Every structure is written in structure tokens, then in C-alpha cells.
There are 2 protein chains.
Amino acid sequence: MARKAVDQELTKEKILETARDLFVLEGYQHVTMRQIAKLLGYSHGSLYYHFRNKGELFYSLVSKDFGLLNETLDDVLNKDIDTEAKVKGILLGYIEFGIRHPNHYRIMFLMQDDDLHSDFQQEPNLTYEKFASALHTLCGNKVTPMIIWSLFLSLHGFVVHYCGHPEQTYEDVKGMAESHVSFLMKGMQ
Amino acid sequence: MARKAVDQELTKEKILETARDLFVLEGYQHVTMRQIAKLLGYSHGSLYYHFRNKGELFYSLVSKDFGLLNETLDDVLNKDIDTEAKVKGILLGYIEFGIRHPNHYRIMFLMQDDDLHSDFQQEPNLTYEKFASALHTLCGNKVTPMIIWSLFLSLHGFVVHYCGHPEQTYEDVKGMAESHVSFLMKGMQ
DNA sequence: TCATTAATTGACCAATGGTCAGTAAAAAAT
DNA sequence: ATTTTTTACTGACCATTGGTCAATTAATGA
């Protein structure tokens with residue numbers, strides 16, 4: 001009733017793998033440590049051997065997955081298309097990512113539970129840096145930092161809204177996302 | 001140890017008055033029913049005589065206060081200024097309201113705790129209707145429903161972001177709000 | 001073979017939202 | 001004036017939660 005055989009030892013990876021589905025499905029607040037542990041076949045205490053607390057567990061997950069957004073933005077930049085298409089691709093790519101990962105997005109950008117918020121300040125900032133420098137590179141001085149900030153907040157608004165209605169898939173809202181991006185690009189001139 | 005003298009009876013109003021300060025200060029999650037009751041000098045059970053649960057209590061508060069936003073929009077419409085100034089006033093008024101009532105705004109538009117979310121679907125919709133019809137009245141067919149929706153989401157993004165940083169007052173971000181509104185109005189043409 | 005370390009358990013803690021039988025004041029009915 | 005009924009409130013109680021920690025046992029190293 002204590003340590004298990006080495007080939008069935010718990011690892012951070014195993015925990016994250018199980019926890020990911022739960023968090024994606026139900027959101028941070030509704031997943032309990034006991035729930036995760038039960039699904040793994042361990043006691044909930046064991047989770048605290050691998051992660052300091054619930055926040056850190058979730059942070060590990062999201063932080064890892066969030067690299068994807070940066071990659072997405074890079075991919076667009078490296079595509080062989082004209083500048084305007086790249087700008088559009090970045091704006092749309094941002095929205096697509098947010099809507100495909102609503103729970104992650106929510107935590108990254110708008111949760112403020114104390115135990116979590118303390119952990120990541122960096123990731124959202126890094127993501128924004130990436131976003132801003134990409135647009136700056138593409139558009140030069142035509143767009144001011146304030147315009148980039150407005151663009152970001154406007155995309156953010158779109159994503160946040162549809163994060164609250166996760167029954168709608170990205171495919172469902174793709175048309176609206178494109179309209180929104182068109183609208184925003186008009187303001188860039 | 002049961003009912004108190006009639007002149008010191010608990011009322012919904014007394015509860016809301018006390019709860020308002022707490023909620024505004026600390027946000028929904030961090031306020032406990034026991035905390036509210038203690039401040040009032042009653043047992044926490046008594047709160048459940050007046051409100052079905054924590055969600056309903058909070059809902060009463062926010063729902064009441066939220067009429068203010070609609071009034072704000074009406075006030076702008078009735079001002080003796082030209083159309084463009086009115087449009088600007090509405091967009092800016094929306095932002096100002098959100099940032100001056102960050103906890104209310106958060107609950108209305110982006111919380112999705114089950115006990116709450118079930119209660120109010122109407123208020124956010126009503127507010128949006130107000131917003132949309134105001135813009136439609138002012139701008140006629142120049143602005144499509146989709147543009148109005150984009151405008152709304154873009155304002156929403158601004159508010160949501162600064163709701164997460166309540167250490168900044170509206171005065172602090174006023175300049176940025178105005179830039180943001182200017183940016184959005186460019187997209188309306 | 002024995003001491004040390006690593007991994008796991010599960011009883012335990014304090015806090016939470018919520019329920020409810022009991023109680024006493026107030027109001028209504030007699 | 002007395003009894004009945006209704007109303008407002010209490011506080012013990014419940015299940016659930018995130019989290020802690022001494023005890024336990026497998027693995028590892030000397």
C-alpha cells in the first residue's frame with residue numbers, strides 16, 4: 001500500500017496526459033485533484049508529490065501547449081504569400097488558436113485565480129511580443145504600436161466571446177472571424 | 001436565538017448593500033457567504049432565507065446595477081451633439097462603464113460558473129440590443145450588423161483586458177480607450 | 001545485508017456552499 | 001386575550017474541495 005512497482009510508477013507525463021482531457025473538457029474550476037487521481041488509479045495525495053498544487057499542474061499543461069500559438073504565427077510568416085495575406089493569416093490564426101483551445105485561452109488571458117495568476121505573467125506577454133513584432137515586421141512604420149495593441153485587443157474580444165460559447169466550433173464561426181479580420185484591416189490603413 | 005426584533009430584520013436590500021462592497025472589492029469567487037453574514041451580524045444560514053444561493057444574490061446585485069449601462073447609452077443618444085460625436089460617445093461610454101465596474105462586467109460577460117450562467121442570458125443580450133440599435137439608428141445602413149458585432153467584440157476585448165488589471169483606473173487608460181475608439185471608427189467607413 | 005532514498009497512501013485539516021429541524025417573534029384568527 | 005399560523009433566523013450538520021504529512025514500502029546503493 002505504498003510505493004508501486006517501478007514499471008507502473010506515476011510520472012508527470014502520465015498525469016498531464018490524463019489531466020489534459022479533463023481540463024479541456026470541463027475547465028479548470030470543475031476538475032478536481034481527486035478526479036484526476038481516480039482516473040489514474042492513484043490516491044489524490046500522490047499528485048502533490050509531482051506537482052506543488054493544482055495551479056502548477058495546470059500551468060505545466062497550458063504552458064506547454066501554448067508554444068503552439070507561437071509556432072502557428074511563425075508558420076504564417078514563413079509561408080510564400082504576399083504581405084497582406086500574411087497579415088490576414090496572423091490575425092485569423094490568432095483567432096483560430098483561441099477558439100480551438102478555449103480553456104487554455106481562458107486561463108492564459110483572463111483567469112485571475114490567485115494561485116494561477118502568480119505563475120504565468122510571461123507567456124501572455126511573450127505571445128503578445130511575437131504578435132506585435134510580426135505585424136511590425138510586415139507593415140513597417142505604417143502601423144503604430146497603439147494600432148497593434150488595438151488589433152490585439154479586438155481579436156482578443158472575439159476569442160473571449162466565443163470561448164464563452166464553446167458549443168460553437170471554429171468551423172461554425174469561421175465566416176464571422178473572416179469578417180472581423182476584414183473589419184480590423186480596414187482600420188490599419 | 002431565532003427571529004430578531006422587527007426593526008432590525010434582515011432585508012434583501014441590507015444584504016445587497018453589504019455584499020456589493022465585498023464583491024466589488026474582491027470579486028465573486030473570493031467572497032464567501034459567511035463573510036457577508038458576519039459583516040451583517042447574522043448567521044450565514046439567514047442569507048439563504050432571502051436568496052436561493054450565492055449566484056442569485058450576486059445576480060440581483062449585478063442585474064440592478066447593469067441598468068446603468070443602458071442609461072449611459074441613452075444619455076449619449078439624447079445629448080445635443082452631432083452624429084459622429086454620438087457614435088464616439090457610445091463606444092467610449094461602453095468602455096468606461098466596463099472599466100469602472102470590472103467585477104460586474106466580468107460576471108455579466110465572461111463568467112461561466114454553472115450556478116450563475118444559467119440565471120442571466122437576458123441582460124447581456126439586452127445590453128447588446130441597446131448598443132446595436134443605437135448604432136443602427138445613428139449610422140443607418142452605412143454599418144452592417146456584422147460591423148456592429150465586430151465593433152462590440154472589439155470594445156469587449158478592450159474592457160476584458162483591463163478588467164484583468166483592475167489596478168488601472170479609467171483615468172489611467174482613458175487615452176488608450178480614445179485611441180482604440182478612433183481605430184475602430186476608421187473601420188466603420 | 002542493511003541503510004537510505006523515492007514514491008505512494010490515506011487519515012486528517014480548514015474552508016466552502018448549502019440544507020434543515022428547531023425556535024421564537026410577529027401577525028392573523030378565534 | 002388567547003390560540004394558531006406564519007415568518008425570520010440559528011447553528012449543527014453534510015459533502016466536497018485543495019492541501020498536508022506521518023507512515024509505509026519498493027527500489028537503490030554501500
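Each chain gets a letter, A, B and so on, in the order the sequences are listed, and its residues count up from 1. Just so we're clear, the structure is a prediction, and the values are computed from it rather than from any experiment.
For the residue pair B/His156/B/Tyr128, the side-chain donor-acceptor check at 3.5 Å is not satisfied. Side-chain contact of A/Thr169 with A/Asp172: a donor-acceptor pair under 3.5 Å is present, judged by distance alone.
Rounded to a whole Å, the CD1 atom of A/Ile15 is 11 Å from the C1' atom of C/dA7. As a whole-Å value, the separation of A/Lys12 NZ from C/dT8 C1' is 16 Å. Rounded to whole Å, atom P of C/dG17 lies 13 Å from atom CZ of B/Phe58. One interatomic measurement links the two molecules: CG of A/Leu47 to P of D/dT17, which rounds to 13 Å at whole-angstrom precision.
Picking from C/dA7, C/dT9, D/dC9 the nucleotide with the shortest atom distance to the side chain of B/Tyr49 gives D/dC9. Side-chain atoms of B/Tyr48 lie closest to C/dG18 of the nucleotides C/dG18, D/dG18, D/dC9. Closest to the side chain of A/Lys54, out of D/dC9, C/dT8, D/dG19, is D/dG19. Side-chain atoms of A/Ser46 lie closest to C/dT8 of the nucleotides C/dT19, D/dC9, C/dT8. Nearest nucleotide to the side chain of B/Ser43, out of D/dG11, C/dT8, C/dG17: D/dG11.
Checked by distance alone, B/His44 brings no side-chain donor or acceptor within 3.5 Å of a matching partner on the base of C/dG17.
Contact annotation: B/Lys4 reaches the phosphate of D/dT10 (side-chain N/O to OP1 or OP2, under 4.0 Å). At the phosphate of D/dT17, neither OP1 nor OP2 sits under 4.0 Å from any side-chain N or O atom of A/His30.
Of the inter-residue distances, the one linking A/Glu17 atom CD with A/Ile36 atom CD1 reads 13.0 Å to the nearest 0.5 angstrom.
Taking the six-membered ring for Trp and the full ring otherwise, B/Phe152 and B/Tyr94 have centroids separated by under 6.0 Å.
Cation-pi geometry between A/Lys4 and A/Tyr42 is met: the NZ or CZ atom falls under 6.0 Å from the ring centre, inside 45° of the normal.
With respect to B/Asp74, the salt bridge (charged side-chain N to carboxylate O under 4.0 Å, His left out) criterion is satisfied by exactly one of B/Lys79, B/Lys130, B/Lys86: B/Lys130.
Closest of all the heavy-atom pairs between A/Ile99 and A/Val159 is N-CG1, 4.3 Å.
Shown for residues 32-42 of chain B: residues whose heavy atoms fall under 4.0 angstrom of DNA chain C, namely B/Thr32, B/Met33, B/Arg34.
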